[in-house]
J.: 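Please read through the structure below; I'll follow up with questions.
Indexing begins at 1, ligand by ligand and atom by atom, following the structure's order. Keep in mind that what you see is a predicted model, and the values were worked out from it rather than measured.
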Amino acid sequence: MKLKQILLAVLISVFAFSQAKADEGMWLLNMLGKNYKQMKAQGFKLKPEDVYNVNKSSLKDAIVIFGGYCTGEIVSDQGLIFTNHHCGYTSIQQHSSLANDYLKEGFWAKSFSEEIPTPGLYVSILQEISDVTDKITAGVKPNMTESDRQSVIHDNTTKLTNEAKLKYSEADFYNVEIKPFFEGNAYYMLVYLVYNDVRMVGTPPDAIGKFGGDTDNWMWPRHTCDFSVFRVYANKDNKPAEYSKDNVPFTPKHHLPISLKGYKEGDFAMVMGFPGTTVRSSTSYEIKKDMLENGYRAKIRGIRQDKLMEDMEAFDEIRIKYATKFAHSSNYWKKSIEANKSLTSLNIVGEKEKEEQNFIAWYSLNSDRKNEYQNVLPTIKEVCEQSQENSKNYLYLLECLLNGMELTNISNAVVSFLLSDSYTEEELKQTAESFYKDYSKSTDYKASLAMLELYKQDVAPEYWPEYLKNNTPQSAVDSLFASAFTTKEGYDKFMEDPSREKMMADPAIKFFMDNVSVYTSLLQVYRYNKDLLKSARRLYLKGCNEMNSGKLLYPDANFTERLTYGNVQSYSPKDGVHMSYYTTTDGILEKEKPGDYEFDVPKKLKDLILAKDFGRYVDADGTMHTCFLTNNDITGGNSGSPVIDGKGNLIGLAFDGNSESMCSDWIFNTKLQRCINVDIRYVLFIIDKYGNCKRLIDELTFAK
Ligand code: ARG
């Protein structure tokens with residue numbers, strides 16, 4: 001490359017990575033000082049210490065990890081929590097039955113005593129974040145092998161966590177985590193308080209909380225009232241505690257006041273919560289591989305879901321049993337499909353190739369840098385290409401034979417108990433109870449047959465488990481379903497006198513063991529490649545950060561608390577099309593399909609809409625706003641996060657992203673990426689007017 005070209009490339013690179021845009025970025029709370037100027041310019045009226053402060057109450061005290069996979073926020077001085085309906089879904093389903101069909105009818109506790117204890121559900125509140133990079137990387141040498149490096153890091157992590165545990169006793173319900181950031185170029189320690197007594201307080205029916213179903217999921221315009229209500233309980237001293245009937249509603253250090261004023265295009269909006277995973281630092285090679293995997297996942301899940309849905313539509317009992325299982329599968333099924341569409345249409349591989357050219361141009365200017373970085377992209381390319389086949393087989397095994405066949409779960413639990421002692425008797429009992437509560441043998445049979453057929457068709461014979469080598473899928477599934485574990489009675493009978501010998505003779509266990517042996521060999525290669533990629537990626541990120549030093553950089557999401565700020569904003573998905581930044585209840589009636597699984601509108605809601613009985617929740621324009629858009633930067637895990645105005649008031653709950661920017665885990669597209677939120681006024685309207693649960697409205701704080 002000639003000097004002029006190199007200079008040009010460097011200029012482009014500086015431009016491409018210049019000051020992260022105001023909307024892009026999942027910022028760590030303890031470093032907001034660096035963003036403050038920009039936040040203020042956009043309409044933020046508070047100070048960074050109002051967001052995160054270890055010594056006095058701040059916004060972070062009102063934000064919780066909900067259930068270990070979502071976000072929630074505390075909205076009253078009695079520990080009331082709002083989160084998404086799809087985040088509360090597991091609990092709502094867990095408490096549902098034909099007699100109490102909360103999925104279909106909704107649920108509103110009319111008093112504290114009607115709030116339903118939900119074992120297994122917990123919330124965590126962040127207490128403190130600290131940079132522990134030096135301590136964690138002490139003893140790491142530049143030329144160490146990846147496994148030696150991992151073992152030094154592992155030892156340092158154990159030591160530091162143990163020290164921290166002396167300070168923050170686990171018995172007091174502290175949880176200490178140390179996590180890598182920027183691919184292990186930095187480490188932070190996060191301390192949480194964990195509350196294990198969380199109770200279900202309210203939920204709209206599916207027809208409101210999940211209105212639009214999978215058809216509307218990941219789409220705009222949206223009319224889903226995606227919220228549910230829980231409450232945190234603490235002991236009499238307001239300390240975290242296991243469930244007890246003597247516990248009392250938790251008094252938080254802070255709860256979010258609610259604004260009923262609404263918003264206009266351009267208003268400041270920020271989201272605080274726990275984004276799970278992004279891979280913004282991916283190279284073009286990794287994206288190509290991810291796209292292949294998205295394709296496999298979409299295909300496998302689509303086939304299985306069709307089998308489940310046949311039964312769910314035919315039988316109420318199976319609809320209730322499979323509601324959560326289906327939703328978990330279909331959410332990322334559709335995401336995989338939409339992600340591939342947008343990765344393709346926006347040519348993200350091409351975009352990343354440009355970034356890589358900039359990187360090459362940058363290191364080529366200096367011989368030390370060149371020595372350090374010139375092998376990194378070729379290594380990533382080689383590992384990605386080499387590992388493609390293994391990744392495919394690994395994914396098929398997981399999706400088809402392990403997650404796709406439910407008998408695997410119970411077999412795994414029995415084997416873990418009898419063979420490896422990694423399960424206690426109590427754990428096995430609990431697993432079995434929840435397994436059989438939501439199990440339909442005939443549905444699993446159909447889905448399993450489809451999965452075996454697909455696996456045999458798409459995966460090369462050397463990766464078939466023993467039972468597939470000598471059997472047709474039909475004969476394999478028939479012998480599998482002769483297992484004692486296909487019914488609760490069979491399982492109970494087995495457990496009266498369990499033995500390893502008897503266990504090993506059961507067909508489900510034999511299948512499971514065959515799967516495990518294929519899995520183990522695939523996993524070994526998978527891990528080996530992952531380690532190679534890990535060290536190359538760490539070096540790549542080190543280089544990128546060096547190239548961009550002095551700029552505001554944020555680490556990829558890793559389920560630690562972040563803040564993203566921006567504005568209320570509409571968008572244009574394609575030439576000539578404008579997407580309004582909000583929707584109203586009019587759209588619910590436009591979408592209505594009576595009796596439909598996704599678009600039925602409950603009569604009571606329809607009557608309220610037709611009567612325009614919106615109460616104090618109506619917008620100044622006379623309509624009832626349902627959902628709205630911001631340009632905040634979120635991903636899965638953020639679900640349930642509060643959307644907060646410039647003054648710290650709650651204006652909505654983030655719950656989704658739009659299909660046009662489904663490449664958002666890999667790259668942020670300013671023009672297209674939007675965060676889909678349910679308007680807090682629509683949430684309160686449903687609680688108040690639809691659910692008649694005024695006692696909840698009375699405990700909220702409204703901003704003047
Ligand atoms: N796509 C949303 C997310 O992952 C979940 C939406 C749930 N709603 C549904 N209809 N499946 O955050």
J.: Among Asp214, Asn331, Asp206, Asn217, whose heavy atom sits nearest atom 4 (O) of ligand 1?
T.: Asn331
J.: For the residue pair Lys210 and Tyr89, would you count it as a cation-pi contact if the rule is NZ or CZ under 6.0 angstrom from the ring centre and within 45 degrees of the ring axis?
T.: yes
J.: Is the charged tip of Lys392 near the ring of Tyr396: under 6.0 Å from the six-membered ring centre and within 45° of its axis?
T.: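 Satisfied, under 6.0 Å and within 45°.
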J.: For atom 12 (O) of ligand 1, what is the closest protein heavy atom, and at what distance to 0.1 Å?
T.: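 Here the nearest protein heavy atom works out to Ser639 OG, 2.8 Å.
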J.: Enumerate the atoms of ligand 1 whose separation from the nearest heavy atom of Trp218 is less than 4.0 angstrom.
T.: 1 (N), 3 (C), 4 (O)
J.: Is it true that the NZ or CZ of Lys325 lies under 6.0 Å from the centre of Tyr322's six-membered ring and within 45 degrees of the ring axis?
T.: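 Judged by the rule, Lys325 and Tyr322 form a cation-pi pair.
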J.: If the cut-off is 4.0 Å to any non-hydrogen atom of Phe655, which atoms of ligand 1 fall inside it?
T.: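 What qualifies from ligand 1 is 2 (C), 3 (C), 12 (O).
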J.: Which residues pass the side-chain contact (heavy atoms from CB on, under 4.5 Å) test with Leu397, not counting sequence neighbours?
T.: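 Once residues adjacent in sequence are excluded, the partners of Leu397 under the side-chain contact (heavy atoms from CB on, under 4.5 Å) criterion are Leu401, Leu402, Tyr455, Val518, Tyr519, Leu522.
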J.: Go through the structure and list residues passing salt bridge (charged side-chain N to carboxylate O under 4.0 Å, His left out) with Asp444, not counting sequence neighbours.
T.: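 Once residues adjacent in sequence are excluded, Asp444 has no partner under the salt bridge (charged side-chain N to carboxylate O under 4.0 Å, His left out) criterion.
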J.: Please report which non-hydrogen protein atom sits nearest to atom 2 (C) of ligand 1, along with the residue it belongs to and the distance in Å to one decimal place.
T.: Asp656 OD1, 3.3 Å
J.: Which option, Gly213, Cys87, Gly209, owns the non-hydrogen atom nearest atom 10 (N) of ligand 1?
T.: Gly213
